[in-house]
Amino acid sequence: MGLMLPEKYDAIKGDVTNDLVVDMTDLTTLSLWLLGDVSYGSEHDLSAGDVNEDGKINIADLAQLKMILMHDND
């Protein structure tokens, strides 16, 4: 399950809010999208949510984004 992405897209990995910063807002937005509480739209660049670059956006991407953010705070 998850959104299947085209083979090529331009996005900053993890920056689902498309504000040029990868932070907790992106983690929250991706989480809400996966739960169905945020719809895919122009304000969110969900292609950036494919953090593990497997062509899908799913819980594995959320987990990897969380690990990236936790590591950046060490």
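Applying the side-chain contact (heavy atoms from CB on, under 4.5 Å) rule to Ala63 yields no partners; only residues at least two apart in sequence or on another chain are considered. By the side-chain contact (heavy atoms from CB on, under 4.5 Å) test, Thr28 is found to be paired with Leu32, residues two or more places apart in sequence or in another chain being considered. Asp23 meets the side-chain hydrogen bond (donor to acceptor under 3.5 Å, both in side chains) test with no other residue; sequence neighbours excluded. Partners of Asp61 under the side-chain hydrogen bond (donor to acceptor under 3.5 Å, both in side chains) rule, at least two apart in sequence or in another chain, do not exist in this structure.
No option in Val16, Asp50, Leu62 other than Asp50 meets the side chain to side chain contact (heavy atoms under 4.5 Å, CB included) test with Ile57. Of the candidates Asn52, Asp15, Leu27, Leu65 forms a side chain to side chain contact (heavy atoms under 4.5 Å, CB included) with just one, namely Leu27.
The hydrophobic cluster containing Leu20 also contains Met24, counting ILVMFWY residues as joined when their side-chain heavy atoms lie under 4.5 angstrom apart, directly or transitively. There is no path of hydrophobic side-chain contacts, each under 4.5 Å, that joins Leu30 to Val21.
Taking each heavy atom of Asp26 and Gly14 in turn, the nearest pair found is CB-O, 3.1 Å.
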